[in-house]
Amino acid sequence: MFKTNNVASRIFERQIRTPAPGTSVHSARRFYENLVPSFTIYDVECPDHSFFKFTDDGQYFVCFSRNRQDLIVYRPTWLSFSCKGEDCDNNQELPPQAKRFESFFTQLYVKPLASCNELICKDFFLYMESNQYGIFATSTAQIQDARGTDGAILGVPSFEKITIHLFRLEDGFKLDEKVFHNDCVNLTHNMGAFLYDDLLAVVSLRYQTIHILQIRDSGNLVDVRAIGAYCREDDELFLNSSSQLAGNRGDLVDNGTNHDQPNSNNSFLSGIKQRLLSFIFREIWSEETDQTQRVQCLKKKFYFHFQDYVDLVILKVQFLDRHHLLIKFGSVDVGASRNTDQLPAFFAVYNMETTEIVAFYQNAADELYLLFERFCDHFHATSINSMYMNFISSHSNNIHALEQLKSMKNKATSVSQFVKKMLSSLPLNCQSMSPSPYFDQSLFRFDEKLISATDRPRQSTDHPIRFISRRQPNILKFKIKTGPEFGGADGRSKKYSHFLFHPAWPLALSFIQPSLFLPPSAVNIHFRR
């Protein structure tokens with residue numbers, strides 16, 4: 001389908017030809033080969049905000065104030081202006097009013113989000129597309145050397161207060177909030193939380209608890225279950241009644257005010273840790289049929305590493321579906337380290353309904369890597385109702401991405417190290433990739449070292465970023481420059497560039513930062529004129 005690049009011919013061809021079943025959306029997305037950002041406004045006049053991201057449906061543009069106190073939400077609009085004369089083509093200079101941020105975005109509201117002693121977590125935002133709800137987070141300052149409390153693990157910092165806020169983005173009305181006191185949740189790039197349909201998982205690193213919340217249509221955050229010290233809703237009641245019968249109520253369970261935090265003096269392991277150890281034991285037990293060999297195998301693989309398994313902590317979690325979680329276990333050092341490729345880590349698949357561990361892998365397991373390679377889309381676990389997020393290119397749905405992955409694997413000096421590097425991204429960060437069609441690798445080819453669907457600042461280059469057609473490998477469709485001129489006087493200084501693409505429109509913003517920790521020195525808008 002679509003043998004020509006002419007838009008009018010493509011529209012006519014679409015009217016007389018029917019695409020193959022199940023391919024209508026992919027066929028429609030090929031129109032983006034003709035609808036590309038073709039014009040750039042450099043150094044746009046824009047408000048002094050911290051620009052964050054477009055929502056996944058493109059309806060809102062989320063920003064924060066520089067003092068990290070206020071939420072600012074814009075509605076993307078398309079540039080409209082009038083020109084005088086007969087020659088109003090692409091060479092016509094834009095009027096000065098059109099070169100402003102407000103020409104592309106209309107401010108909807110400014111709402112206070114953080115309290116006086118809290119700051120907005122500027123790297124955290126989750127969007128519930130079905131209800132147009134936004135999930136934000138605020139926290140107090142980090143306490144590095146926090147004193148140990150009942151149930152808290154050592155080596156994890158503490159925050160006096162962490163608040164999860166639920167907003168209705170249509171009008172900025174705050175619907176509900178969930179507060180965690182003296183806890184630690186890794187909110188950087190959504191690492192400590194995962195949204196799947198109406199379920200939100202939040203990982204408490206300090207108390208080793210996975211909080212499952214449900215977002216009701218009414219706008220309420222409802223506690224569904226807490227996985228950690230207990231796995232079933234009546235586990236605590238059962239242990240309390242058992243301790244009363246044994247006469248050791250205070251030694252067995254913590255009867256304090258915080259019921260989802262285990263007692264540091266408790267002689268029992270947490271519920272999730274017991275599930276994990278029993279699964280490992282049964283797996284090793286079933287490897288051998290001979291009783292003597294079975295005992296030797298257990299000594300070597302289970303009892304020898306027993307304390308290592310006991311010392312594992314929950315680091316990260318994601319939904320695979322409504323009933324299964326992918327949980328990453330490791331040491332406290334793994335959670336604090338930036339380079340986790342070389343550190344040992346384990347992955348477990350947990351069924352929330354049966355409270356059972358159904359699979360367990362090490363971070364160098366070839367079996368898990370093959371699953372990740374062939375079924376990568378299942379790890380993204382996006383909602384089936386999402387309009388754009390289901391079309392993100394991956395090596396399980398795109399032949400070009402798969403070929404690129406295999407090329408990287410063939411170039412790797414060590415296959416095991418390559419597997420560890422690939423699996424270090426699991427569990428995947430929620431909503432961390434842009435669904436823009438210009439990152440669709442079946443449509444365009446680009447240098448992923450310079451730009452990709454992952455929203456991260458990268459070191460800037462003096463050369464324009466080129467987007468080449470996949471169907472016509474030598475045809476340049478468009479290019480994005482981060483500045484009008486290159487090779488300036490201070491070419492030795494490092495600069496970083498960050499791109500935000502609208503999920504549906506030929507519209508993108510680029511930000512030039514002198515440092516990762518400084519606000520952008522220039523903002524550019526790339527759009528189709």
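All values below were derived from every heavy atom in this structure, side-chain atoms included, with hydrogens, water molecules and symmetry-related copies excluded.
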Derivation and outcome, side chain to side chain contact (heavy atoms under 4.5 Å, CB included), residues Ile135 and Ile164: CA-CA 7 Å; Ile135 303 172; Ile164 304 295; 3.6 Å; yes
How are the rings of [X] and [Y] set relative to one another: parallel (under 30°), tilted (30 to 60°) or perpendicular (over 60°)?
{"X": "Phe444", "Y": "Phe478", "answer": "perpendicular"}
{"X": "Tyr74", "Y": "His49", "answer": "tilted"}
{"X": "Trp505", "Y": "His502", "answer": "parallel"}
{"X": "Phe64", "Y": "Phe52", "answer": "tilted"}

Atom [atom1] in [X], atom [atom2] in [Y]: separation rounded to 0.5 Å?
{"X": "Thr55", "Y": "Phe125", "atom1": "OG1", "atom2": "CZ", "answer": "6.5 Å"}
{"X": "Phe194", "Y": "Leu320", "atom1": "CZ", "atom2": "CG", "answer": "8.0 Å"}
{"X": "Cys430", "Y": "Phe319", "atom1": "SG", "atom2": "CZ", "answer": "9.5 Å"}
{"X": "Thr140", "Y": "Phe159", "atom1": "OG1", "atom2": "CZ", "answer": "7.0 Å"}
{"X": "Asn131", "Y": "Ile215", "atom1": "CG", "atom2": "CD1", "answer": "8.0 Å"}
{"X": "Ile525", "Y": "Lys99", "atom1": "CD1", "atom2": "NZ", "answer": "12.0 Å"}

Between [X] (side chain) and [Y] (backbone), is there a donor-acceptor pair under 3.5 Å?
{"X": "Arg10", "Y": "Asn34", "value": "no"}
{"X": "Thr454", "Y": "Arg456", "value": "no"}
{"X": "Gln318", "Y": "Leu428", "value": "yes"}
{"X": "Asp321", "Y": "His324", "value": "yes"}
{"X": "Asp171", "Y": "Phe173", "value": "yes"}
{"X": "Gln362", "Y": "Ala364", "value": "no"}

If only side-chain N and O atoms count, and only distance matters, is there a donor-acceptor pair under 3.5 Å linking [Y] with [X]?
{"X": "Gln59", "Y": "Arg75", "value": "yes"}
{"X": "Glu160", "Y": "Gln142", "value": "no"}
{"X": "Asn182", "Y": "Tyr207", "value": "no"}
{"X": "His526", "Y": "Ser510", "value": "yes"}
{"X": "Glu118", "Y": "Thr163", "value": "yes"}
{"X": "Tyr60", "Y": "Gln132", "value": "yes"}
{"X": "Gln441", "Y": "Asn398", "value": "no"}
{"X": "Ser204", "Y": "His211", "value": "no"}

Does the side chain of [X] reach to within under 4.5 Å of the side chain of [Y], using non-hydrogen atoms?
{"X": "Val317", "Y": "Leu326", "answer": "no"}
{"X": "Leu325", "Y": "Ile227", "answer": "yes"}
{"X": "Phe101", "Y": "Val523", "answer": "no"}
{"X": "Asn524", "Y": "Val44", "answer": "no"}
{"X": "Leu126", "Y": "Leu200", "answer": "yes"}
{"X": "Leu315", "Y": "Phe329", "answer": "no"}
{"X": "Leu187", "Y": "Ile162", "answer": "yes"}
{"X": "Lys161", "Y": "Ser139", "answer": "no"}

Donor-acceptor contacts under 3.5 Å from residues 399-408 side chains, at least two apart:
none

Stepwise ring pair (Phe, Tyr, Trp, His ring centres under 6.0 Å) check, Phe51 with Phe511: CA-CA 9 Å; Phe51 303 106; Phe511 307 90; 5.7 Å; yes
Test log, rule ring pair (Phe, Tyr, Trp, His ring centres under 6.0 Å), inputs Phe105 and Phe61: CA-CA 8 Å; Phe105 300 92; Phe61 185 49; 4.9 Å; yes
Please table the atom pairs, donor to acceptor, closer than 3.5 Å between any side-chain atom in residues 368-380 and protein atoms at least two apart or in another chain.
{"unit_1": "Tyr369", "atom_1": "OH", "unit_2": "Glu373", "atom_2": "OE1", "d": "3.0"}
{"unit_1": "Asp377", "atom_1": "OD1", "unit_2": "Ser394", "atom_2": "OG", "d": "2.6"}
{"unit_1": "Asp377", "atom_1": "OD1", "unit_2": "Ser396", "atom_2": "OG", "d": "3.4"}
{"unit_1": "Asp377", "atom_1": "OD1", "unit_2": "Asn397", "atom_2": "ND2", "d": "3.3"}
{"unit_1": "Asp377", "atom_1": "OD2", "unit_2": "Asn397", "atom_2": "ND2", "d": "3.0"}

Side chain to side chain contact (heavy atoms under 4.5 Å, CB included) between Phe446 and Ile451, worked out: CA-CA 8 Å; Phe446 47 88; Ile451 192 171; 4.0 Å; yes
Residues Ile72, Ser65; criterion side chain to side chain contact (heavy atoms under 4.5 Å, CB included); working and verdict: CA-CA 7 Å; Ile72 305 115; Ser65 59; 4.0 Å; yes
Within residues 429-438 or reaching into it, pairs that qualify as side-chain hydrogen bond (donor to acceptor under 3.5 Å, both in side chains) - sequence neighbours excluded: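 For residues 429-438, and leaving out neighbouring residues, the side-chain hydrogen bond (donor to acceptor under 3.5 Å, both in side chains) pairs sorted by first residue read Lys316-Asn429.
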Verdict with reasoning, Phe136 to Val62, per side chain to side chain contact (heavy atoms under 4.5 Å, CB included): CA-CA 11 Å; Phe136 304 90; Val62 177; 3.8 Å; yes
Flag if over 12 foreign heavy atoms under 6.0 Å of CZ, Arg100: no
Over all atoms of both residues, closest heavy-atom pair of Phe499 and Thr482: CZ-CG2, 3.7 Å
Strictly below 4.0 Å, N to O, side chains only: are [X] and [Y] in salt-bridge contact?
{"X": "Glu33", "Y": "Lys477", "answer": "no"}
{"X": "Arg29", "Y": "Asp440", "answer": "yes"}
{"X": "Arg66", "Y": "Asp48", "answer": "yes"}

Check against ring pair (Phe, Tyr, Trp, His ring centres under 6.0 Å), Phe167 and Tyr133: CA-CA 6 Å; Phe167 271 75; Tyr133 291 164; over 10 Å; no
Lys NZ or Arg CZ of Lys122 over Phe124 ring: under 6.0 Å, within 45°: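 The answer is no, since Lys122 fails at least one limit relative to Phe124.
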